[in-house]
**Q** 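Dropping the structure in here first, questions after.
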There are 2 protein chains.
Amino acid sequence: MTTTELGLAEALVRLSHAVQHVFTDVSRENDLTPQQAQLLCVLAAQPLGMTELSRRLHLEKSSLTGLVDRVERRGLAERVRDGKDRRACQIALTDEGTELAVRTHNAVTARIGALTGDLPAATQSHVRAVLDALTK
Amino acid sequence: MTTTELGLAEALVRLSHAVQHVFTDVSRENDLTPQQAQLLCVLAAQPLGMTELSRRLHLEKSSLTGLVDRVERRGLAERVRDGKDRRACQIALTDEGTELAVRTHNAVTARIGALTGDLPAATQSHVRAVLDALTK
DNA sequence: TATTGTTATACTCTATAACTATA
DNA sequence: TATAGTTATAGAGTATAACAATA
């Protein structure tokens with residue numbers, strides 16, 4: 001039977017929309033577009049070059065140029081020229097950008113955590129393990 | 001402990017991004033923007049007015065006007081004037097729009113189903129039940 | 001007065017194609 | 001030649017504010 005499969009896929013899509021809405025709302029409250037917030041969250045882990053960022057965000061490099069321009073103009077990130085390869089640069093968050101990235105990330109996980117908080121701990125860790133396996 | 005909660009929330013966010021990418025890719029293959037595809041999928045269930053659509057898509061009504069204009073211009077949907085309330089209209093898919101909505105929906109669920117298909121049936125239904133409860 | 005939907009305006013986001021500079 | 005990133009251009013998506021028409 002494929003009923004179970006289809007049902008799960010649809011549940012994942014619905015869930016994704018719900019998460020998306022939370023992310024959009026939180027971004028807004030922090031005066032960021034969802035795209036800017038996502039960029040900041042990716043860069044919070046480590047600085048990255050344009051090509052690698054493009055790959056991670058599924059965006060054309062030319063689309064990224066403007067996005068990075070705008071967060072740089074706001075003082076949230078900086079293009080740091082690479083010493084070895086003079087074509088390349090690393091996009092690094094400023095202190096303000098890092099602070100905003102952390103705040104946004106925490107607000108998103110807190111809001112989603114509020115939804116999942118009522119689930120039994122065993123259920124939470126089971127579902128988490130399954131989802132981790134899917135996105136690995 | 002909050003470790004489990006946070007871990008689950010983060011897993012849900014990662015998963016949401018993965019689903020988002022699938023949705024974007026499929027939309028593209030069907031010559032639609034992700035926003036247009038989402039609109040079509042919502043309308044596939046039933047025609048809706050602008051105010052109700054705005055609520056479901058988390059968009060301002062003014063943003064929706066242009067989105068509906070573009071799908072209407074492409075012949076995928078139509079504004080049907082309401083007989084009772086002459087201010088209102090229902091947005092209804094054309095046959096072509098319905099066909100495209102179904103194709104997109106099926107492609108998305110198939111692609112996500114391919115990811116989840118390896119899971120044991122019991123795991124699938126368990127996770128589905130949990131996710132359904134979260135987005136209810 | 002309240003509600004339904006649109007218009008006007010200003011940005012942001014995105015892709016394609018062509019480009020510069022460096023490797 | 002290939003790669004890193006940008007520019008030019010065009011269109012799509014979005015919000016805010018002001019508006020028209022109907023309830």
Side-chain angles (χ1 to χ4, degrees), chain A residues 17 20-21 23-43 47-74 76-92, chain B residues 17 20-21 23-43 47-92 100:
Chain A
H17 288 151
Q20 226 35 50
H21 288 154
F23 196 82
T24 300
D25 289 346
V26 169
S27 301
R28 192 128 212 237
E29 290 161 20
N30 286 282
D31 199 27
L32 293 170
T33 64
Q35 294 87 351
Q36 291 167 358
Q38 196 183 358
L39 174 61
L40 263 51
C41 287
V42 168
L43 291 175
L48 294 170
M50 296 298 275
T51 300
E52 177 60 20
L53 265 179
S54 166
R55 211 177 54 68
R56 297 210 191 184
L57 299 178
H58 282 55
L59 282 178
E60 290 299 318
K61 282 191 299 180
S62 60
S63 305
L64 207 47
T65 296
L67 187 56
V68 170
D69 282 349
R70 289 181 287 274
V71 298
E72 189 169 30
R73 197 183 311 143
R74 281 192 47 185
L76 304 176
E78 281 179 332
R79 284 172 168 90
V80 180
R81 300 318 297 194
D82 186 321
K84 326 222 171 184
D85 185 338
R86 287 174 29 219
R87 297 169 300 180
C89 63
Q90 298 277 303
I91 316 301
Chain B
H17 288 151
Q20 227 34 52
H21 288 152
F23 196 82
T24 299
D25 290 346
V26 169
S27 301
R28 192 127 209 240
E29 289 160 20
N30 286 283
D31 200 29
L32 294 170
T33 64
Q35 293 87 351
Q36 290 167 0
Q38 196 182 358
L39 174 62
L40 263 50
C41 287
V42 167
L43 290 176
L48 294 170
M50 296 297 275
T51 300
E52 177 60 20
L53 265 179
S54 166
R55 211 176 53 70
R56 296 211 192 183
L57 299 177
H58 282 54
L59 283 178
E60 290 299 318
K61 282 190 299 179
S62 60
S63 305
L64 208 46
T65 296
L67 187 56
V68 170
D69 283 349
R70 288 182 287 273
V71 298
E72 190 170 30
R73 196 182 312 144
R74 282 191 47 185
L76 304 176
E78 281 178 332
R79 284 173 169 88
V80 181
R81 301 318 296 194
D82 187 322
K84 326 222 172 185
D85 185 339
R86 286 173 31 217
R87 296 170 300 180
C89 61
Q90 299 276 302
I91 316 303
L100 203 45

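Within every chain, numbering begins at 1; the chains are lettered A, B, ... in the order of the sequence lines, protein sequences first and strands thereafter. Fair warning: this is a prediction, and the values are worked out from it, not measured in the lab.
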**Q** Please work out whether the ring planes of B:H17 and A:F23 are parallel, tilted or perpendicular, with thresholds of 30° and 60°.
**A** perpendicular

**Q** Looking at residues 33-43 of chain B, who's got a heavy atom less than 4.0 Å off DNA chain D?
**A**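 Going residue by residue through residues 33-43 of chain B, the ones with a heavy atom under 4.0 Å of DNA chain D turn out to be B:T33, B:Q35, B:Q36.
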
**Q** Does any donor-acceptor pair link the side chain of A:T51 with the base of D:dA4 at a separation under 3.5 Å?
**A** no

**Q** Nearest whole Å is fine: how far is C:dG5 P from B:I91 CD1?
**A**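 Those two atoms, CD1 and P, are 7 Å apart.
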
**Q** Over how many whole Å does the gap from B:L67 atom CG to C:dG5 atom C1' extend?
**A**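 Roughly 15 Å, once rounded to whole Å.
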
**Q** Nearest whole Å is fine: how far is D:dG13 C1' from B:L32 CG?
**A**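 Distance check: B:L32 CG to D:dG13 C1' gives 15 Å.
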
**Q** Could you check B:R28 against B:T65 and say which one's nearest nucleotide on DNA chain C is further toward the 5' end?
**A** B:T65

**Q** Within the distance-only criterion (no hydrogens, no angle test), does the side chain of A:Q38 pair as donor or acceptor with the backbone N or O of A:L57 below 3.5 angstrom?
**A** no

**Q** Determine, stepwise, if the pair B:I91 / B:R79 fulfils side chain to side chain contact (heavy atoms under 4.5 Å, CB included).
**A** CA-CA 5 Å; B:I91 316 303; B:R79 284 173 169 88; 3.7 Å; yes

**Q** For the side chain of B:R70, counting heavy atoms from C-beta on, which of C:dC13, D:dT14, C:dT4 is nearest?
**A**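 Closest of the options to the side chain of B:R70: D:dT14.
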
**Q** Reckon A:S62 has a side-chain N or O less than 4.0 Å from the OP1 or OP2 of D:dT7?
**A**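 No, no such contact exists.
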
**Q** Donor-acceptor pair, distance only, cut-off 3.5 Å: does the side chain of B:Q36 make one with the backbone of B:V71?
**A** no

**Q** Specify the separation, in whole Å, of atom CD of B:E60 and atom P of D:dC19.
**A** 18 Å

**Q** Would you mind reading off the distance between A:D69 atom CG and C:dC13 atom C1', rounded to a whole angstrom?
**A** 13 Å

**Q** For B:T24 and B:Q20, indicate whether the former's side chain and the latter's backbone hold a donor-acceptor pair under 3.5 Å.
**A** yes

**Q** Measure from the side chain of B:A88, starting at C-beta and using heavy atoms only, and say which of C:dG5, D:dG13, D:dG5 lies closest.
**A** C:dG5

**Q** Less than 4.5 Å apart, any side-chain heavy atom of B:L48 and any of B:R55?
**A**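 SC-SC contact between B:L48 and B:R55 ruled out.
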
**Q** Which atom names give the shortest non-hydrogen contact between B:Q90 and B:P47, and what distance separates them?
**A**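 Result for this residue pair: OE1-O, 3.5 Å.
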
**Q** Within residues 71-87 of chain B, which residues have any heavy atom lying less than 4.0 Å from an atom of DNA chain C?
**A** B:R79, B:R87

**Q** Roughly how many Å is it from CG in A:L64 to P in C:dT16, rounded to a whole number?
**A**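 A:L64 atom CG is separated from C:dT16 atom P by 15 Å.
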
**Q** How many whole angstroms separate atom CG of A:D25 from atom P of D:dT14?
**A** 14 Å

**Q** I'd like to know if A:D85 and A:R87 make a salt bridge, using a cut-off of under 4.0 Å between side-chain N and carboxylate O.
**A**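 Looking at A:D85 and A:R87, the cut-off is met.
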
**Q** Whole Å only: how far is the CG atom of B:L57 from the P atom of D:dA12?
**A** 18 Å

**Q** For a side chain to side chain contact (heavy atoms under 4.5 Å, CB included) check, start with the C-alpha distance between B:D31 and B:R74, then their side-chain angles and the critical distance, and finish with the verdict.
**A** CA-CA 11 Å; B:D31 200 29; B:R74 282 191 47 185; 4.0 Å; yes

